[in-house]
Amino acid sequence: MSVAKPATTDPQIWLNARSRWHRLEICFWLATLLPFLLFPNYLSLASQIAITALFALSLDIILGYGGVVSLGHAAFFGVGAYAAGLYSVHVTGEPLSGLAVGGVLAGVAGYAASFIVSRFRHLTLIMITLGIGLLAHEVANKAHWLTGGSDGLQGVKTLPLFGLFKFDLYGNVAYAYSLGVLFLAFLGVRRIVNSPFGLSLRGIRENLIRMPAVGADSRAHIRTAYTIAATLAGIAGAILAQTTQTVALESISFQRSADVLVMLVLGGAGRLYGGLIGAALFMVARDQFSGIAPQYWYFWIGLLLVTVVMFLPNGILGGLSQLYARWRVK
Amino acid sequence: MSEVALAARGLNKKFGSLVVASDINLVLPEGARYALIGPNGAGKTTLINLLTGMLPPDSGEIVLAEQDITAQAPQERVRRGLARTFQINSLFPGLSALEAVTLVVEERRRLSGRFWQNLASHKESIEEAYDILSRLRLGDSCYQPTRELPYGRQRLLEIALALATRPKVLLLDEPAAGVPQDESGEVFEAVAGLSGDLTLLFIEHDMHVVFRFASHIIVLVGGAIFAEGSPADIAAHPGVREVYLGTRQHG
Amino acid sequence: MLPPIFGVLFDGIAYGMLLFLLSVGLSVTLGLMNFVNLAHCAFAMLGGYVAITLMQDHHWPFLATLPAAFVAAAVVSVVLERTLYRRLYRSSDLDQVLLTIGLAFMSVSVAAYVFGTVQQSVETPAFMRGSFQFLGIGLGKYRLFLVGVALLMTLLLVAGLEYTRFGAMVRAAVDNQRMARGLGIDVDLTFAATFALGCGLAGLGGALAIDIVGLDPNFSFAYLVYVLIIVSVGGLGSIAGSFVAAMLIGVSDIAGKYYFPELGAFLIYLVMVVVLMWKPAGLFGRR
């Protein structure tokens, strides 16, 4: 992906260039504003995409950058959703404080879980993350005095944003809210990825064994990454609860954990935009194919997964970047 | 009167009935250039794994600059100045050499937790990393992903990573292993150019290299120290020849 | 007269035996090649549907469909192993997880398409219906048959591993792959054969499961979680481990549903997380 530069390049300049905003990125973010103009009837779908994109971005931190395969990330999404929902039911429907509550509680849960997760690898890690996700789902399911169980949490009411902007049926405010939070979170994640911490995470992903041999405490790094990822997932869940004014059991299900994993891999993990692109493609496709029964939708997803693993191991963005590199050489 | 940089007392390790380390006693004075030799399977890399904490010993002690480090985790030992290189490159394939060495420098300076700061703003670390790479003649290829570097350069990077931890004691596991003839000269020069303050223990099979660089040789056979002494002593030692010749006969 | 808890225990053990048959293949292949095959239960489902088809469309007797289910699953596994799986032996966990989940998704859709989503059932031979009365407890005849088959399979497996040359090769390869290769053992062939055996057993389990838990396209995922729990709790590559874990999970699940229905599957998941934290390689695992 990078070309050798002559010896006169200043190393700091080179590193700086890697973290500078690319033209395509600006185009991407401008494009996210298009739904307001071109697809006003699809704004609720657009909100869903923004929420899921944030969720996928949060998974990318631990999976794409830290190499932690998690099959239970929806646990934190769900914690954020239920926390924000319950906050709205019992305290106030003010969205920004609800967002903070969702994020903080999910972050605390993530911090606690990180002590377990950081100690393991391979199948044990996969099983523990799966176990955590399934446990969270069971708790939400059985505690229906609190969560509403399989009926979902009722009575979530979201007050106007900043006291001014009502969340109406047209979805303008909802999409602006979701997109705004996504963008801010993205800026944060971008900074993290380009930070010394991000570099260490990549080191962990590239070669876990070498890290202690160079003096790095990998477990501490993974704990931090996992906590940040859980917080962001919780924020995404909170937005879902607030914009749809309900919390369904599905938000904490294995289905959601598996779907976000598929989206991230599809788009390309470890590439910041992979989760965003993957989420957009997945959800638009699912919306278009929503007429087909769910079993058949999963046939195509299954086939796509097999194809991606066999032929496009770095997802769509990886494939595109390889094509681009080959084109440039010509 | 030189201080003892690294010492091991009575190290033992076995896997079931396989003894990989048998009552190893080792004393490395500061600034030493010690070579560790022995036939394949003698336990040389195992000894390095024991010293660095990647493998816990069954019994024995390890002391680094008068501090008992036997129970410490590998990264703790690195912080106290004990570093090692691997016999088979253990690098970060997707990172450029500059990023890899900067990573190590940042870890050493305890700046790796700062997820809110831009890496590019950490001028000192970057310059230090570039400096280390330049001294090993890797300056011009430090922007490529590690996996694209020729094997000899990767071997040098292996050493650069260890040097970036600013070790006081450096354990080199066959530094030139697998490096083609035309590139191995660079590796030896790099090793020769290492500071006199640094204490070195290196595993090596090439006797020319051993006799050229080592001031003291330790011969390991079957997990135990078979002989040790100056290069002249070892060259004249009849048992050592037998151990090597005998092994060669069996293939 | 025995108290009803023994009835629950018997049901739990029978269920555990079934789970063992479903899991043992995955445990051995995971221990052997470290390959995470999340499509394992899809092979079980295949065995089940083969049995159904043979019985409903071709009027085969139930007992004859069992070896057919075994063989069908084994053959399909060989095809998939040669075409897809073997390219990923050195790939990352994530790639293996994704490929096999993808295959499992596809299997669910194909089953739904071909057989519909209806619950399948089998007509077991007359001598297997009903139950024996033993000290006041009803012992289902089919369950007794299931326990018998499972014990027989266990015996064959253990004897095969200990006393045959093939078994010795498998044990060597599980213990130390590099050394086994160095000794001239064809590890690839050993793995392919073991994989076929493991999937065959899963297929057999799938056919046997129909009368106990039913069969529908969701089988691939519904039991995958249990199988994964058993394999990770029992320890990779350990038949004894799978056996013990399967018994543990089988009895806990049945007893849990009987005595603490409000807890649901909570107990099982909690047991798994706790055991893995205590012994990350599983109860009988190495590493």
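Chain naming here is simple, since letters A, B, ... match the order of the sequence lines and numbering starts at 1 in each. Here the structure is a predicted model, which means the values were calculated and not measured.
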Peer 1: Under 4.5 Å heavy-atom distance to chain A, tell me which part of C/I229 shows up: side chain, backbone, both or neither.
Peer 2: both

Peer 1: For chain C, find which of A/V306, A/V308, A/V262, A/L135 contributes the most heavy-atom pairs closer than 4.5 angstrom.
Peer 2: A/L135

Peer 1: Given a strict heavy-atom distance threshold of 4.5 Å, which part of C/V97 is in contact with chain A: side chain, backbone, both, or neither?
Peer 2: side chain

Peer 1: Without hydrogens or angle criteria, can the side chains of A/D60 and A/Y65 be said to hold a donor-acceptor pair below 3.5 Å?
Peer 2: no

Peer 1: Check each atom of C/M272 against the heavy atoms of chain A and say whether the ones under 4.5 Å are side chain, backbone, both or neither.
Peer 2: side chain

Peer 1: Which of the residues C/L98, C/D95, C/V273 is involved in the greatest number of heavy-atom pairs with chain A at under 4.5 angstrom?
Peer 2: C/L98

Peer 1: Starting from the C-alpha separation in whole Å, work towards a yes-or-no answer on side-chain contact (heavy atoms from CB on, under 4.5 Å) for A/T129 and A/V69.
Peer 2: CA-CA 8 Å; A/T129 56; A/V69 180; over 6 Å; no

Peer 1: Which bit of A/M310 comes within less than 4.5 Å of chain C, counting heavy atoms only: side chain, backbone, both or neither?
Peer 2: side chain

Peer 1: Quick check on the 6.0 Å ring-centre criterion: do A/W297 and C/F105 meet it?
Peer 2: no

Peer 1: For A/L125, is it the side chain, the backbone, both, or neither that has a heavy atom closer than 4.5 Å to a heavy atom of chain C?
Peer 2: neither

Peer 1: Can you tell which part of A/L304 gets under 4.5 Å to a heavy atom of chain C, answering side chain, backbone, both or neither?
Peer 2: neither

Peer 1: Looking at chain C, which one of A/L261, A/L134, A/I126, A/L123 has the largest number of heavy-atom pairs inside 4.5 Å, strictly under?
Peer 2: A/L134

Peer 1: Between C/Y226 and C/D253, is there a side-chain donor-acceptor contact under 3.5 Å, judged purely by atom types and distance?
Peer 2: yes

Peer 1: Between A/R121 and C/D93, does any side-chain N to carboxylate O distance fall below 4.0 Å?
Peer 2: no

Peer 1: Between C/A73 and C/C199, which heavy-atom pair has the shortest distance, and what is it?
Peer 2: CB-O, 3.3 Å

Peer 1: Can you find a pair of side-chain heavy atoms, one from C/L84 and one from C/L103, that are under 4.5 Å apart?
Peer 2: yes

Peer 1: What part of A/L303 is in contact with chain C, defined as an atom under 4.5 angstrom from a non-hydrogen atom: side chain, backbone, both or neither?
Peer 2: both

